[in-house]
Amino acid sequence: MHYLSAHEIRDLLRKREVTAEEVTRKTLERINEVDSKVNAYLEVFEDAIEAAKEIDKKIAQGEDVKDLAGIPMAIKDNICMKGRKTTCASKILENFVSPYDATVVERLKDNGAVIVGRLNMDEFAMGSSTENSAFKKTRNPYDLERVPGGSSGGSAAAVAAGEAYYTLGSDTGGSIRQPASLCGVVGFKPTYGRVSRYGLVAFASSLDQIGPFTRDVEDAALVLNAICGKDNKDSTSVDVKVEDFTTYLNKSLKGVKVGLPKEYFGEGIDNGVKKELEKAIALLKDLDAEIKEINLPMSQYALAVYYILSSSEASSNLARFDGIRYGVRAKDFEDVVVLYVKSRSQGFGREVKRRIMLGTYALSSGYYDAYYKKALKVKTLIINEFKKAFEDVNLIISPTSPSVAFKFGEKADDPLKMYLSDICTVPVNIAGLPAVSIPAGLSDNLPVGLQIIGNYFKEGEIISLAHGIEKALSLNLRPNL
Amino acid sequence: MDFEAVIGLEIHAELSTKSKIFCSCTTEFGKDANTHCCPVCLGLPGALPVLNKSVVDFAIKAGLALNCKINKDTYMARKNYFYPDAPKNYQITQHETPLCSEGYIEIETDEGVKRIGIQRIHIEEDAGKALHEGENSLIDFNRSGVPLIEIVTNPDMRSPKEARMFFEKLRSILLYTEVSDCKMQEGSLRCDANVSVRPKGSTEFGVKTEIKNMNSFKALEKALEYEIERQINAIKKGERIVQETRRWDEARGQTIVMRSKEEAHDYRYFPEPDMVYLKLDDEWIEDIRKTMPELPDEKKKRYIEEFGLPEYDANIITTSKELAAFFEEAVNIGGNPKTISNWIMGEVLRILNDREMEITDVKFTAKDLVKLISLVEKGTISNTIAKKVFVDMFETGKDPEKIVEEKGLVQITDEAAIREIVNKVLDENPQSVTDFKNGKTKAVGFIVGQVMKASKGKANPQMVNKLVEEELLKR
């Protein structure tokens with residue numbers, strides 16, 4: 001039952017073959033059983049049963065419940081939920097309890113979702129392996145010696161290990177798609193502005209976007225239906241009609257133009273990854289999609305742009321964590337400056353400090369034009385290049401991650417090596433485009449992810465292609481736990 | 001060597017919007033600490049700012065009133081600095097793109113009308129308030145997120161008096177447009193000054209200092225006087241002026257160093273990524289232009305042309321919107337504008353200044369003032385009595401006619417009755433009569449005074465004068 005999809009659970013609930021309470025209990029049992037190995041959760045909400053019972057009551061009374069009603073899910077620990085801790089896997093927020101719900105949480109609750117816990121992540125979403133969590137190391141369900149990817153490693157691992165039917169994560173430079181790729185699940189980053197960021201603890205405001213981890217593409221469509229849409233509490237959310245994304249399932253791919261950017265298949269991409277992608281692409285040809293090689297040369301600058309823009313914004317966004325109003329305050333300070341210095345020195349981990357320093361530097365007077373302003377200009381070039389590419393093709397396919405899951409510690413001491421994990425995903429955030437990572441196969445028994453990038457607000461087209469590939473591959477990956 | 005001062009001002013005014021700039025919390029002043037707060041104005045993790053449209057409306061209104069260009073494409077920026085009363089440790093403000101720019105205000109100096117340039121007006125959020133109680137520091141975030149406009153002038157003022165006149169005029173305009181309540185004691189209008197000195201005739205600027213914490217017009221003038229003298233003395237002694245921020249210490253009557261240039265913050269401004277660009281169209285600006293009230297300068301011109309008021313009177317009456325409204329109401333009821341103006345400029349403003357009150361605080365109405373004036377014009381009471389009736393009217397709010405009637409203040413114009421009093425006074429003051437006969441005409445004044453006193457001020461003064469002379473000559 002743990003490996004059923006959310007839509008399968010929905011059907012069982014509607015046919016009254018199971019109750020939400022049973023499903024939730026089973027999920028809690030499953031967490032109990034495997035999470036000591038996987039370490040996806042930072043906290044499990046045992047009282048989630050109560051929410052499940054409410055849904056059962058509604059179903060028993062014959063009320064129409066929504067697609068996600070009664071289905072256990074969990075959220076990345078940088079999304080605020082009223083009355084629960086939101087720690088961002090950081091010591092500095094270890095004791096922070098949110099007094100309000102993020103808009104996505106509000107929308108999930110309105111949809112009857114049963115939220116069973118908070119998931120581990122890289123501290124403040126900075127990292128690609130979840131090793132930067134201040135609290136625990138999440139393990140890849142396919143190989144417990146390996147990382148689940150990051151920063152939403154807990155969200156990816158929980159879905160892969162059958163510890164939730166779907167989860168939410170956030171993606172600033174690949175933090176949904178890269179762990180989805182490494183854990184063999186579907187991870188969807190919507191267009192920037194599609195999903196409200198209100199209540200998502202900001203890392204880089206202009207890049208952050210919330211999105212789902214699911215077992216299959218259909219579930220991704222269901223979750224997107226629930227969470228997308230304009231929110232008056234987020235000025236950057238966009239008022240674009242939210243279609244029923246499930247109508248994009250089971251579409252013919254005949255004549256769909258798919259671009260393969262040469263630069264995303266070149267140097268630095270493992271052969272095992274390339275091989276699995278090539279197989280998937282070959283299947284696409286059988287489905288009468290038009291495959292076309294394209295060039296995206298500006299993408300090579302995306303990583304540099306990303307580390308300037310995201311670190312600059314982060315240096316300012318994280319300034320509020322100072323031990324004054326909430327969060328952890330250092331002991332023994334003689335004045336307010338020492339209070340700041342000690343609280344922040346003790347509260348933040350190494351990677352977070354590194355990014356704050358990078359960003360502070362890039363914004364300082366005398367350097368602003370050379371770094372921040374220049375990065376903004378290159379960002380515009382990257383956007384224009386994608387826009388141009390989408391004049392010729394409907395969708396773009398690339399690897400999600402240049403390699404399969406790596407071992408703990410393998411890249412932890414070399415920030416540059418770690419940063420390269422996001423080489424294929426970062427350009428998408430810089431441009432604000434939607435993209436998904438879906439499983440493409442296994443290489444050395446480890447999942448390989450395939451990324452599909454769409455034009456602005458074309459999540460539906462992405463779903464059609466992803467669903468087509470998913471059906472053609474019919475992988476049904478499961479870890480041995 | 002003669003020196004001249006170069007002064008520029010930076011003024012912060014809290015806007016009178018109902019809710020805060022980025023959330024729906026109320027802007028009400030003086031409530032229990034931390035009761036008007038939400039995740040947004042407390043800067044909680046995950047909370048996001050959404051711009052309050054009326055803040056933009058108010059700022060445009062201020063911009064139009066100050067003759068500014070309204071910039072249709074602007075964006076908010078973050079100003080980064082750590083301070084406990086700043087909940088996000090950055091302030092959301094505007095940097096490269098102020099909402100309004102290139103405006104001016106005209107002031108009346110001794111040398112004539114002078115135009116003071118306004119470089120920019122931008123919108124931003126206020127911070128909370130830190131309170132220090134012994135060992136503890138407490139913060140009240142009720143003020144956090146209250147909308148402000150910052151108005152920056154060009155360095156166009158050359159004396160503390162000009163600076164003060166500018167600031168007074170600005171306040172008056174902001175009050176006219178109801179953009180801000182300008183309550184300096186509540187901190188809703190605050191002023192900082194940049195000041196430097198240079199040899200008279202020089203076109204280069206000297207090294208400037210910034211002065212903070214001037215909480216009244218008087219403080220601004222005094223602080224500038226002190227600082228200019230300090231700088232001139234330093235230069236005369238061969239010392240160098242250091243670019244620094246100084247604080248006006250009202251009690252000591254001195255400016256005191258707060259921080260030097262080296263300690264100045266690098267604010268690391270960058271565009272606020274949580275917000276979108278602010279784009280205005282002509283219609284938006286025109287809609288606001290339609291709501292603009294008559295401003296002090298226009299009103300003044302009209303008073304001079306329509307009512308024939310002297311410029312001086314028109315200037316003073318139009319300083320306050322409420323005073324001008326009072327004046328116009330009185331004129332409309334029916335009265336000589338110049339006489340009404342004389343009363344306002346004289347008795348009304350004198351008593352208001354004495355009691356530190358505003359025209360809106362008084363108990364009597366414009367109608368009462370007109371009645372009082374007509375009592376004098378009809379000869380029912382003398383001017384002297386009218387001033388007494390006015391005080392009574394001010395204290396009690398009673399109808400002046402009633403006061404005159406109740407207190408029996410009607411003027412005595414009966415010649416026989418006055419002559420009787422005159423003769424009584426002459427009988428009682430033989431020395432004055434002798435003095436008069438010896439050519440000391442001063443004695444007349446004394447006798448008149450005594451007669452007025454004896455009549456309790458009610459005798460018609462012209463008749464008293466005439467009769468005293470007549471009776472004296474008879475003796």
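Small disclaimer: the values here were computed from a predicted structure and weren't measured.
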Trainee: Going by heavy atoms in the side chains, are Ser365(A) and Tyr267(B) under 4.5 Å from each other?
Mentor: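 In short, these two side chains do not touch, never coming nearer than 4.5 Å.
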Trainee: Under a 4.5 Å cut-off applied to non-hydrogen side-chain atoms, are Ile324(A) and Ile139(B) in contact?
Mentor: yes
Trainee: Please determine, among Leu309(A), Val337(A), Asn317(A), the option with the most heavy-atom pairs under 4.5 Å with chain B.
Mentor: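 When all of Leu309(A), Val337(A), Asn317(A) are compared, Asn317(A) has the most.
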Trainee: Would a 4.5 Å heavy-atom cut-off, applied to side chains only, mark Arg325(A) and Leu44(B) as touching?
Mentor: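 Heavy-atom side-chain distance check fails, nothing below 4.5 Å.
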Trainee: For Phe321(A), is it the side chain, the backbone, both or neither that has a heavy atom under 4.5 Å from a heavy atom of chain B?
Mentor: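 Looking at Phe321(A), just its side chain touches chain B.
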Trainee: Less than 4.5 Å apart, any side-chain heavy atom of Ser315(A) and any of Phe270(B)?
Mentor: no
Trainee: Looking only at side-chain N and O atoms, does Ser316(A) offer a donor or acceptor that is under 3.5 Å from a partner on Arg78(B)?
Mentor: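 Arg78(B) vs Ser316(A): donor-acceptor pair found between side chains.
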Trainee: With a 3.5 Å distance limit and no angle check, can you tell me whether Tyr100(A) reaches the backbone of Ala47(B) through a side-chain donor-acceptor pair?
Mentor: yes
Trainee: Considering only NZ, NE, NH1 and NH2 on the basic side and carboxylate oxygens on the acidic side, decide whether Lys373(A) and Glu96(B) come within less than 4.0 Å.
Mentor: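 Salt bridge flag = yes for Glu96(B) with Lys373(A).
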Trainee: Can you say whether Asn232(A) sits under 4.5 Å from chain B via the side chain, the backbone, both, or neither, judging by heavy atoms?
Mentor: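 Looking at Asn232(A), just its backbone touches chain B.
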Trainee: Report yes if some heavy atom in the side chain of Phe22(B) is under 4.5 Å from a heavy atom in the side chain of Ser235(A); otherwise report no.
Mentor: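 Not in contact.
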Trainee: Give a yes or no on this: more than 12 heavy atoms of other residues, nucleotides or ligands lie within 6.0 Å of atom NZ of Lys82(A).
Mentor: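 No, not enclosed.
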Trainee: Taking atom OH as the centre, does Tyr367(A) end up with more than 12 heavy-atom neighbours from other residues, nucleotides or ligands that are less than 6.0 angstrom away?
Mentor: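 Not more than 12 within 6.0 Å, no.
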Trainee: What I'd like to find out is whether the side chain of Arg344(A) reaches to under 4.5 Å of the side chain of Phe82(B), using heavy atoms alone.
Mentor: yes
Trainee: Taking atom NZ of Lys91(A) as the centre, does the number of heavy atoms from other residues, nucleotides or ligands within less than 6.0 Å exceed 12?
Mentor: no
Trainee: Counting only non-hydrogen atoms closer than 4.5 Å, does Thr360(A) touch chain B with its backbone (N, CA, C, O), its side chain (CB onward), both, or neither?
Mentor: both
Trainee: About how many Å separate CG of Asp322(A) and CG of Asn89(B), when rounded to the nearest 0.5 Å?
Mentor: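 The distance works out to 4.5 Å.
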Trainee: Identify the two heavy atoms, one from Pro271(B) and one from Tyr372(A), that lie closest to each other, and give their separation to 0.1 Å.
Mentor: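 Looking at all heavy atoms of both residues, the closest pair is CD-CE2, 3.8 Å.
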Trainee: Select, from Ala86(B), Pro45(B), Ser137(B), the one with the greatest count of heavy-atom pairs under 4.5 Å involving chain A.
Mentor: Pro45(B)
Trainee: Using a 6.0 Å cut-off, check whether atom CD of Glu286(B) has over 12 heavy atoms from anything other than its own residue.
Mentor: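 Counting other residues, nucleotides and ligands, CD of Glu286(B) exceeds 12 neighbours.
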Trainee: Among Ser196(A), Cys80(A), Gly199(A), which residue has the highest count of heavy-atom pairs closer than 4.5 Å to chain B?
Mentor: Gly199(A)
Trainee: For Asp274(B), is it the side chain, the backbone, both, or neither that has a heavy atom closer than 4.5 Å to a heavy atom of chain A?
Mentor: both
Trainee: Answer yes if the side chains of Tyr90(B) and Arg320(A) hold a donor-acceptor pair under 3.5 Å, and no otherwise.
Mentor: yes
Trainee: Please check if the number of heavy atoms outside Lys353(A) that lie under 6.0 Å from its NZ is greater than 12.
Mentor: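 More than 12 heavy atoms, drawn from other residues, nucleotides or ligands, come within 6.0 Å of this atom.
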Trainee: In terms of heavy-atom pairs under 4.5 Å with chain B, which of Gly366(A), Gly327(A), Ser364(A) leads?
Mentor: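 Of Gly366(A), Gly327(A), Ser364(A), Ser364(A) has the most heavy-atom pairs under 4.5 Å with chain B.
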Trainee: Would you check if the side chain of Thr236(A) reaches a backbone N or O of Pro273(B) as a donor-acceptor pair within less than 3.5 Å?
Mentor: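 Answer holds: no.
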Trainee: Checking side-chain contact (heavy atoms from CB on, under 4.5 Å) against Leu48(B), which of Asp234(A), Leu200(A), Thr103(A) comes through?
Mentor: Asp234(A)
Trainee: Report which part of Pro39(B) has an atom under 4.5 Å of a heavy atom belonging to chain A: side chain, backbone, both, or neither.
Mentor: side chain
Trainee: If you measure from OH on Tyr83(B) to OH on Tyr340(A), what distance do you get to the nearest 0.5 Å?
Mentor: 8.0 Å
Trainee: Are more than 12 heavy atoms from other residues, nucleotides or ligands located less than 6.0 Å from atom NZ of Lys233(A)?
Mentor: yes
